[in-house]
Amino acid sequence: MDQLSGWRIAKTLEKKQLLLAINCVAGLSIFFFGYDQGMMGGVNNAADYINLMGFGYVNEAGDPIVTNSLLQGGIVSVYYLGTLFGCLLGGWVGDKVGRVRTIAFGAAWAVVGACLQCSAQNHDWMICARAVNGIGTGILNTIVPVWATETAEHTSRGQFIAIEFTLNIFGVVVAYWLEFGLSYVDGGNSAIRWRFPIAFQIIPLLFLFAVSWIMPESPRFLAKVGRDKEARYILGRLRGEDAEGAAKADAEFHDIKNVVIHERSTANRNSYISMLFGIGSGKLHTARRVQLVIWLQIIQEWVGIAGVTVYAPTIFRIAGFSSEKSQWISGLNNIFYMFATLICVFTLDRIGRRKTLYWGSVGQGLAMFLAGGMSRLGLNATAAGETAKAGSYGIAAASFVYIFTSVFGATWLTVPWLYPAEIFPLEVRAKGNAWGVVGWSIGNGWLTLLCPVMFNAIGEKTLYIFGACNVISIPMVWAFYPETNQRTLEEVDLLFEADSPWVWDAEKNFARLKQEHPEMAMAASRGNSIARVTDVETGTKPPGVDSEMQSEVAKSG
């Protein structure tokens, strides 16, 4: 799409107003993502859906009885198989046709998936529809953060990611309360209880599809495909057309052009296969970074959030609450969850990524162990006919689930999505984000497939497994995940130059390199790419380096 012809929102808005518009559109996509995740929690409790899919029945008390937990989990988890393929497709298409066109493509694909889901007549139909919808979500989850990152100013990127995930959990909240209200229609036995919530997601998707055509394309993509005049125009609108804004836009455009030149000289590193196996990456150690983001996303799900988000009503029923009470307690839990995400906005850049994950793991682990213990005591009291005690233990179990989701929202929710954007070199950032979504898809798919089986087989002991995963995550982060807070992307390249995967070796090597190559630290502090100052593999200067920077490298020897 030509950014200089036709009506575009960038012709009317500029600077903060234009960035706010971009953030709102990006937030709409993240809202859909959260809604789509939270939706299945209520759908799995709808009598008509359970009967139609054939994995159980609803008893006279209104409680769903699952007879085929593998089928129930399979319908939920096949969505994440779709997101796995969708994220790889989104990264590839995004580099071919642009960010905003890919957003429109992903929204249209997700609309088709939603239509297929809300019209499903059997479990085979639903499984296929879930996979189709997952592909659309995977495309959007990959390309929207890249688009937002490439248009936002560097100083506002971290806070924006945290704010986005407040909207993500708002989507979960809307899904829960919409389904809770519909559970009263026809005594909860109507098909509208599950078909309408699925169809409802079509509304934001259609708006996302329509508005994407008037949004500004990423200036970095425009420069990459040789549309320099359009790229400079969009940068001017984003940074402002006054003297200060024009100077900032000129400097940023010059920087982008130098990066594009360097990318062309290292194109052999940019494929997914090359990234996964580190082919041609040399001291950049791309394969290590890919493994870090994949496993961080997998462990994010296994600390317990995937189980709590989708199967919260099941957890509350185990704790002794009725099916109806479990539904509104779950919805209230997600409201607390949403507000807790705002904590990360103010703390993430102050205490760093590692400390955020540490205190999150401690709080989440304790909450999961205690929720499991209180659930068991509640079940024992119920079996013994001690109704008052059972109610007290149930309330305690629910409270610890609330604590878990609040701590998760303030810690582990955001960091695994922010970390991929920080640790990958600029030339492979889009595909790096795609690898993060791959990890998220694997973690969610694996866990949602096993969750109903585990809850059915071992009940509240499932929560102990989640607690143990929180314990495991602490040494994992301590040993393998370097701190990226207050470090530029260029400094992160130095941080990962160590041949050893251990954090302490990376920090020692980082300190040594900064001392031996002060010109790199100087370039980083000015926001310039180290890859353009000196190639970390060969020590040579790639083409397109600023003459001023060439002079600095020559002076340093």
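The figures that follow rest on heavy atoms only: side chains count, while hydrogens, waters and symmetry mates do not. Values in this document were obtained by computation on a predicted structure and should not be read as measured data.
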Take Phe510 and Glu497, measure what side chain to side chain contact (heavy atoms under 4.5 Å, CB included) needs, and give me the verdict at the end. CA-CA 8 Å; Phe510 174 75; Glu497 190 173 338; over 6 Å; no

Considering non-hydrogen atoms only, spot the tightest contact between [X] and [Y] and give its length.
X: Gly245; Y: Asp242; answer: N-OD1, 2.7 Å
X: Ala498; Y: Asn509; answer: N-ND2, 3.4 Å
X: Trp302; Y: Cys469; answer: O-CB, 3.1 Å
X: Ala231; Y: Pro219; answer: CB-O, 3.4 Å
X: Pro216; Y: Val100; answer: O-CG1, 3.6 Å
X: Thr151; Y: Leu19; answer: O-CD2, 3.4 Å

Heavy-atom check, side chain of [X] versus side chain of [Y], under 4.5 Å:
X: Ile474; Y: Val362; answer: yes
X: Leu205; Y: Phe32; answer: yes
X: Trp446; Y: Tyr80; answer: no
X: Leu238; Y: Glu14; answer: no
X: Tyr337; Y: Leu413; answer: yes
X: Phe253; Y: Asp228; answer: yes
X: Tyr464; Y: Met368; answer: no
X: Val503; Y: Glu507; answer: yes

Should Gln300 and Trp417 be marked as a side chain to side chain contact (heavy atoms under 4.5 Å, CB included) after you check the CA-CA gap, both sets of side-chain angles, and the distance that decides it? CA-CA 10 Å; Gln300 181 199 43; Trp417 291 96; 3.8 Å; yes

Over 60° means perpendicular and under 30° means parallel, so tell me whether Tyr402 and Phe336 are parallel, tilted or perpendicular. tilted

Name the orientation class of the two ring planes belonging to Trp478 and Trp504 (parallel below 30°, tilted from 30 to 60°, perpendicular beyond 60°).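 Trp478 and Trp504: tilted rings.
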
Between [Y] and [X], is there a side-chain donor-acceptor contact under 3.5 Å, judged purely by atom types and distance?
X: Tyr79; Y: Ser441; result: no
X: Ser361; Y: Ser473; result: yes
X: Gln364; Y: Thr411; result: yes
X: Asn433; Y: Thr142; result: no
X: Asn333; Y: Tyr176; result: no

Is there a donor-acceptor pair under 3.5 Å between the side chain of [X] and the backbone N or O of [Y]?
X: Asp505; Y: Pro501; value: no
X: Asn334; Y: Val172; value: no
X: Thr405; Y: Val401; value: yes
X: Ser271; Y: Ser274; value: yes
X: Gln297; Y: Pro416; value: yes
X: His285; Y: Gly278; value: no
X: Arg237; Y: Arg232; value: no
X: Tyr419; Y: Val293; value: no
X: Asn485; Y: Arg353; value: no
X: Ser406; Y: Ile403; value: no

Check step by step if ring-ring contact (aromatic ring centres under 6.0 Å, His included) holds for Phe408 and Trp359. CA-CA 10 Å; Phe408 181 88; Trp359 84 262; over 10 Å; no

Between Arg99 and Asp95, is there a salt bridge with N-O shorter than 4.0 Å? yes

For the ring pair Trp412 and Phe404, is the centre-to-centre distance below 6.0 Å? no

With side chain to side chain contact (heavy atoms under 4.5 Å, CB included) as the test, would you mind laying out the steps for Trp295 and Phe480 before giving the verdict? CA-CA 11 Å; Trp295 283 103; Phe480 297 111; over 6 Å; no

Going from [atom1] on [X] to [atom2] on [Y], what distance comes out if it is rounded to the nearest 0.5 angstrom?
X: Phe221; Y: Ile143; atom1: CZ; atom2: CD1; value: 9.0 Å
X: Leu222; Y: Ile234; atom1: CG; atom2: CD1; value: 6.5 Å
X: Ile299; Y: Tyr481; atom1: CD1; atom2: OH; value: 8.5 Å
X: Trp440; Y: Leu296; atom1: CH2; atom2: CG; value: 15.0 Å
X: Leu208; Y: Leu140; atom1: CG; atom2: CG; value: 6.0 Å
X: Phe31; Y: Asp36; atom1: CZ; atom2: CG; value: 10.5 Å

Only one of Val345, Thr356, Asn168, Leu348 clears side chain to side chain contact (heavy atoms under 4.5 Å, CB included) with Thr414; which?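 Result: among Val345, Thr356, Asn168, Leu348, Leu348 is the only option passing the side chain to side chain contact (heavy atoms under 4.5 Å, CB included) with Thr414.
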
Is it the case that over 12 heavy atoms from other parts of the model lie below 6.0 angstrom from the [atom1] atom of [X]?
X: Phe369; atom1: CZ; value: yes
X: Phe170; atom1: CZ; value: no
X: Phe85; atom1: CZ; value: no

Using side chain to side chain contact (heavy atoms under 4.5 Å, CB included), reason through Val97 and Thr102 one step at a time and then give a plain yes or no. CA-CA 7 Å; Val97 304; Thr102 306; 3.7 Å; yes

